[in-house]
Amino acid sequence: MELFEILCGIVAVIIALYYYLTSTFNFWKSRGVQGPQPIPGFGNLKDVLLAKEYSGDYVTKIYNKYKNETLIGIFSKKTPILIVKDLDLIKDVLIKDFTYFSARGLPVTEKAEPLTQNLFNLEPKRWRPLRMKLSSVFTSSKLKNMFSLISECADCFVEYMEEIVSKSESVECGELIIKYTMDVIGSCAFGVEMNALSTKDNKFSNMGRKILTPTWENVLRLRLRTLFPKFYNKLGYILPQTEITKFFTRTVVETINYRETYNVIRNDFIDKLRELKKHPDNLGDIALTDSLICAQALIFFGVGFGTATTTISNALYELALNQNIQENLRKEIDEIYEKHGKDLTYDDINEMNYLNKVFKETLRKYPSVSVLMRESVASYTFESPKVNIPEGQAIWIPVFAIHRNPNIYPNPDVFDPERFNKEAEQSRHPMSYLPFGDGPRHCIGARFAEYQTKLGLIKILRNYKINICNKTAIPYVNDPKMLLVSAPKDGMHLNIKKINRT
């Protein structure tokens, strides 16, 4: 009898667990929204959660499978997620009805990872005033002031490259370009000389590499933070802070304190953070802690390091595969140098139409994020089709899939900068190209990343020829451990040769 009772108890627990894990699975069906059948415990994201498939590749498969649907319903574990495919509806979410979708829905775990309180993640209450204050750092006039600093870093990078490329037939571009992007961040954001190019064991470069490298520890922390944010945040009471968190917090605090002590003024990002710290009353009732201030430094780091590093690497990859495009771009670069001399300015870069096309096409194939995430802050009804969603509903906008849609971009796997000539751009829906998002929560540092990337490419292609080698990944396979950014699974290996100019 005891055995029977035990078996009944086990069955009851299994049934209760199954009911709990599947209790929301009727959510989309009841609203008439089509989508794949979820799996208890995983929903529809099993391979993504287990780091077996890149999120952009998975969403693209779903996007193509339900090609006649404007909305698709999926689940992360048991949480409903709405994928918005229709470009007009995407415009509603990002721009027209932004007030309903002003949150990203990303977890902010202040105790476990204080730097998650950055502008990218923050809820609307703290995001709005901070965004208004920090936007002034990225105006055209400020970018022009930074341009000479970026140019100096790029020149040093070219000299450093000569030493590296002379030693090997194969160069891992990600590792190489990190040196350049870190020096730029140091100079423009922190007002310090990183010396990433001259120092082999540079701390900033090491921290950047740890952020970009998808180790199992990084993946596990990210999954815990995403899937169990409350539980993960409580772990902050017992888990030590990550090395990355401690390093960036210490660096920002020490830099601010040094400038305060010696009255150093550079009118850069750190000075803007100093201003916020001195005048917290301008931010309403927001508690302006040191960790909140330090977290904002990740804005510069994310766009200036993460985005620029991957975009330059991916551009070089495509230029190595498409030598005619590389030569056309190099021709434009040489013409600009011949016209303006060796010291290019911010305005000179704006004359380079073909470079702009190459930059945009690179981000078309390899956008900064595979999906844009939003969360409804109130109940909302899509009009066509008529679908009601509650407050707190997660929204995914499938950027990677849209950029690879053959109905929008014919032969999407082909790298073709002419997709971005004036006529072609005007013929497409404005929401068909979203590498930095759109609307009020578009990437605040997009233009900084753009000019850092363009200047890096100019200096490289002016002095070096890029070719594939026997280690080059063909075809390009996205690393499944990368959650949002495109990066090749086995690294970016290319052959780089010095151009001898007479």
Side-chain angles (χ1 to χ4, degrees), residues 24-39 42-49 53-98 100-106 226-227 367-377 379-409 412 429-435 437-439 441 478 480 482-486:
T24 62
F25 283 3
N26 196 45
F27 186 88
W28 293 124
K29 187 176 180 180
S30 66
R31 286 167 169 77
V33 177
Q34 299 296 309
Q37 182 65 34
I39 301 171
F42 291 101
N44 300 109
L45 302 178
K46 179 172 73 71
D47 288 342
V48 174
L49 296 175
E53 185 174 23
Y54 172 57
S55 61
D57 290 332
Y58 169 76
V59 174
T60 299
K61 285 195 307 186
I62 299 299
Y63 178 96
N64 293 332
K65 181 178 179 181
Y66 294 88
K67 59 184 179 181
N68 295 322
E69 301 296 327
T70 56
L71 302 170
I72 305 171
I74 64 171
F75 294 85
S76 174
K77 293 196 312 172
K78 57 179 292 189
T79 301
I81 296 173
L82 184 64
I83 298 176
V84 181
K85 286 184 58 181
D86 182 82
L87 299 181
D88 288 327
L89 295 183
I90 289 173
K91 187 175 181 179
D92 290 344
V93 171
L94 296 181
I95 302 173
K96 182 182 175 183
D97 293 327
F98 171 76
Y100 288 90
F101 302 99
S102 55
R104 288 195 189 272
L106 295 170
T226 303
L227 298 175
S368 302
V369 293
S370 62
V371 297
L372 292 175
M373 297 180 180
R374 294 291 187 269
E375 182 180 273
S376 59
V377 297
S379 61
Y380 179 85
T381 300
F382 291 95
E383 292 302 324
S384 181
K386 198 90 170 176
V387 174
N388 178 263
I389 58 173
E391 178 183 347
Q393 176 59 57
I395 304 289
W396 282 12
I397 296 169
V399 177
F400 191 86
I402 292 170
H403 287 192
R404 302 290 181 113
N405 185 338
N407 295 322
I408 301 173
Y409 299 100
H429 194 290
M431 297 295 105
S432 64
Y433 184 69
L434 297 166
D438 207 329
R441 287 202 82 147
N478 289 303
M482 302 297 285
L483 183 65
L484 294 175
V485 181
S486 298

For the side chain of Ser76 and the backbone of Gly43, is there at least one donor-acceptor N/O pair under 3.5 Å apart? no
Around Lys78, counting heavy atoms of other residues, nucleotides and ligands shown, do more than 12 lie under 6.0 Å from its NZ? yes
Side-chain donor/acceptor of Arg31 to backbone N/O of Gly73, under 3.5 Å: no
What's the separation between atom OG in Ser102 and atom CG in Asp97, rounded to the nearest 0.5 Å? 11.5 Å
For the residue pair Tyr409 and Ser432, establish whether any side-chain heavy-atom pair is separated by less than 4.5 Å. yes
Heavy-atom closest pair (Gly439 atom, Ile95 atom, distance to 0.1 Å) is CA-CG1, 3.8 Å
Report yes if the side chains of Phe382 and Leu82 come closer than 4.5 Å at any heavy-atom pair, otherwise no. yes
Report yes if some heavy atom in the side chain of Pro385 is under 4.5 Å from a heavy atom in the side chain of Thr70; otherwise report no. yes
Cut-off 3.5 Å, side chains only: do Asp47 and Tyr58 have a donor facing an acceptor? no
Does any N or O in the side chain of Glu53 come within less than 3.5 Å of the main-chain N or O of Lys46, such that one atom is a donor and the other an acceptor? no
Could you state the interatomic distance from CZ (Phe75) to CD1 (Ile39), rounded to the nearest 0.5 Å? 12.5 Å
Any sub-3.5 Å donor-acceptor pair from Ser376's side-chain atoms to Gly392's backbone N or O? yes
Any His429 side-chain heavy atom under 4.5 Å of Asp88 side chain: yes
Can Phe101 and Arg441 be said to form a side-chain contact (heavy atoms from CB on, under 4.5 Å), step by step? CA-CA 10 Å; Phe101 302 99; Arg441 287 202 82 147; over 6 Å; no
Would you check if the side chain of Lys85 reaches a backbone N or O of Tyr63 as a donor-acceptor pair within less than 3.5 Å? yes
Without swapping roles, check the side chain of Trp28 against the backbone of Ile74 for a donor-acceptor pair under 3.5 Å. yes
Rounded distance (nearest 0.5 Å) linking atom CD of Gln393 with atom OG1 of Thr79: 9.5 Å
Work out which heavy atom in Arg374 is nearest to a heavy atom in Asp438; give both atom names and the distance. NH2-O, 4.0 Å
Step by step, would you call Ile408 with Leu87 a side-chain contact (heavy atoms from CB on, under 4.5 Å)? CA-CA 11 Å; Ile408 301 173; Leu87 299 181; 4.2 Å; yes
Taking all atoms of both residues into account, what is the closest heavy-atom pair of Phe27 and Pro390, and its distance? CZ-CD, 3.7 Å
Check for a donor-acceptor pair, side chain of Asn44 on one end and backbone N or O of Gln37 on the other, with a separation under 3.5 Å. yes
For Tyr100 and Asp92, which I'm curious about, is there any donor-acceptor pair between the side chains at under 3.5 Å? no
Salt bridge (Lys or Arg N to Asp or Glu O under 4.0 Å) filter on Lys67, not counting sequence neighbours, yields none
Rounded to the nearest 0.5 Å, what's the gap from OG1 on Thr60 to CZ on Phe400? Could you check? 5.0 Å
Ile402 and Val399, any side-chain heavy atoms less than 4.5 Å apart: no
Mind checking whether His403 and Tyr433 have parallel, tilted or perpendicular rings, split at 30° and 60°? parallel
To the nearest 0.5 Å, what is the distance between CG (Leu94) and NZ (Lys96)? 13.5 Å
Side chains of Val33 and Ile72: does their closest heavy-atom pair fall under 4.5 Å? no
Non-hydrogen atoms of Gly56 and Ser370 that approach each other most closely: CA-CB, 3.6 Å
What heavy-atom pair brings Asn407 and Asn405 nearest, and what distance separates the two atoms? N-OD1, 2.8 Å
Any non-hydrogen side-chain atom of Phe42 less than 4.5 Å from a side-chain atom of Lys77? no
Interatomic distance, CD@Glu375 vs CD1@Ile395, rounded to 0.5 Å, equals 9.0 Å
Any side-chain heavy-atom pair from Asn64 and Arg404 closer than 4.5 angstrom? no
